[in-house]
Amino acid sequence: QVQVVESGGGLVQAGGSLRLSCAASGRTFSSYHVGWFRQAPGKEREFVAAISSSGGRTSYADTVKGRFTISRDNAKNTGYLQMNSLKPEDTAAYYCAAAGRWALISTIRGYDYWGQGTQVTVSS
């Protein structure tokens with residue numbers, strides 16, 4: 001079993017940057033793919049980015065491609081989401097999750113373990 005805790009959210013001006021962290025407990029973290037999702041008020045949770053268990057593969061939503069970078073450090077049991085050129089429409093609660101199957105990496109049902117989320121607010 002894996003438990004994940006997000007951190008690094010906050011308030012930033014448009015054009016700014018934030019780095020989110022996803023700290024995981026459990027010795028099997030390196031066996032799981034890691035994904036980031038976000039949910040704005042009144043909207044459904046949506047896929048943002050994912051990275052494979054080894055870090056060799058990544059996937060991004062079109063809305064963040066070129067601005068966000070996902071990474072992980074298995075030695076530290078931690079995943080990261082570097083967010084640059086932030087826009088007001090990036091405002092949402094961001095969730096980290098751990099998944100077992102890459103084929104379902106952009107879907108909510110593909111993930112087994114979820115964090116509680118961290119709020120990101122981008123002001124215009």
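Along the sequence shown, residues carry numbers from 1. Computed from a prediction, not measured in an experiment: that's the story for all the values here.
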Linked, directly or transitively: Tyr80 and Ile51 (ILVMFWY side chains, under 4.5 Å):
no

Is a side-chain donor or acceptor of Ser52 paired with a backbone partner of Arg57 at a separation under 3.5 angstrom?
yes

Is there side-chain contact between Val12 and Thr121, with at least one heavy-atom pair below 4.5 Å?
no

In Å and rounded to the nearest 0.5 Å, what is the CG to OG distance from Asn77 to Ser30?
7.5 Å

Determine which pairs satisfy disulfide (SG to SG under 2.5 Å) with at least one residue from residues 20-111, sequence neighbours left out, and list them in order.
Cys22-Cys96

Which pairs with one or both residues in residues 7-20 pass side-chain hydrogen bond (donor to acceptor under 3.5 Å, both in side chains), sequence neighbours excluded?
Ser17-Asn84

Compile the donor-acceptor pairs under 3.5 Å between side chains in residues 100-107 and protein atoms, sequence neighbours left out, one pair per line.
from   : atom 1 : to     : atom 2 : distance (Å)
Thr107 : OG1    : Leu104 : O      : 2.8
Thr107 : OG1    : Gly110 : N      : 3.4

Could you note down all residue pairs passing disulfide (SG to SG under 2.5 Å) where residues 47-87 supplies at least one of them, sequence neighbours left out?
none

List for me each residue that meets side-chain hydrogen bond (donor to acceptor under 3.5 Å, both in side chains) alongside Gln39, sequence neighbours excluded, and say none if there are none.
Arg45

Salt bridge (Lys or Arg N to Asp or Glu O under 4.0 Å) partners of residues 68-78, not counting sequence neighbours, each pair once:
none

Output all residues satisfying side-chain contact (heavy atoms from CB on, under 4.5 Å) with Thr28, sequence neighbours left out; order by chain, then residue number.
Val2, Ser31, Tyr32

Would a distance-only check, ignoring hydrogens and angles, find a side-chain to backbone donor-acceptor pair under 3.5 Å from Thr91 to Val122?
yes

List the steps, then state whether side chain to side chain contact (heavy atoms under 4.5 Å, CB included) holds for Val4 with Trp114.
CA-CA 6 Å; Val4 295; Trp114 290 83; 5.5 Å; no

Which residue pairs pass the disulfide (SG to SG under 2.5 Å) test with at least one member in residues 36-73, sequence neighbours excluded?
none

Between the CG atom in Leu20 and the OG1 atom in Thr118, the distance rounded to the nearest 0.5 Å is 6.0 Å

Let me confirm one number: the OG1-CE distance from Thr69 to Met83, rounded to the nearest 0.5 Å.
11.0 Å

Partners meeting ring-ring contact (aromatic ring centres under 6.0 Å, His included) with Tyr60 (sequence neighbours left out):
none

Under the rule for ring-ring contact (aromatic ring centres under 6.0 Å, His included), what residues qualify as partners of Phe68, not counting sequence neighbours?
none

Centroid-centroid under 6.0 Å between Phe37 and Phe47 rings
yes

Residues pairing under salt bridge (Lys or Arg N to Asp or Glu O under 4.0 Å) where one sits in residues 79-90, two or more places apart or in two chains, turn out to be Arg38-Asp90, Arg67-Asp90

Going from CD1 on Ile70 to CD on Gln82, what distance comes out if it is rounded to the nearest 0.5 angstrom?
12.0 Å

Where at least one partner belongs to residues 23-84, residue pairs that pass disulfide (SG to SG under 2.5 Å), sequence neighbours excluded
none

Please check this pair: side chain of Glu6 against backbone of Gly117, looking for a donor-acceptor N/O pair closer than 3.5 Å.
yes

Donor-acceptor pair, His33 side chain versus Ala99 backbone, under 3.5 Å?
no

Going by heavy atoms in the side chains, are Val34 and Phe29 under 4.5 Å from each other?
yes

Please check if Tyr95 and Val120 belong to a single hydrophobic cluster, counting links between Ile, Leu, Val, Met, Phe, Trp and Tyr side chain heavy atoms closer than 4.5 Å.
no

Gln116 vs Val5, test: side chain to side chain contact (heavy atoms under 4.5 Å, CB included). Steps then yes/no.
CA-CA 7 Å; Gln116 294 300 306; Val5 178; over 6 Å; no

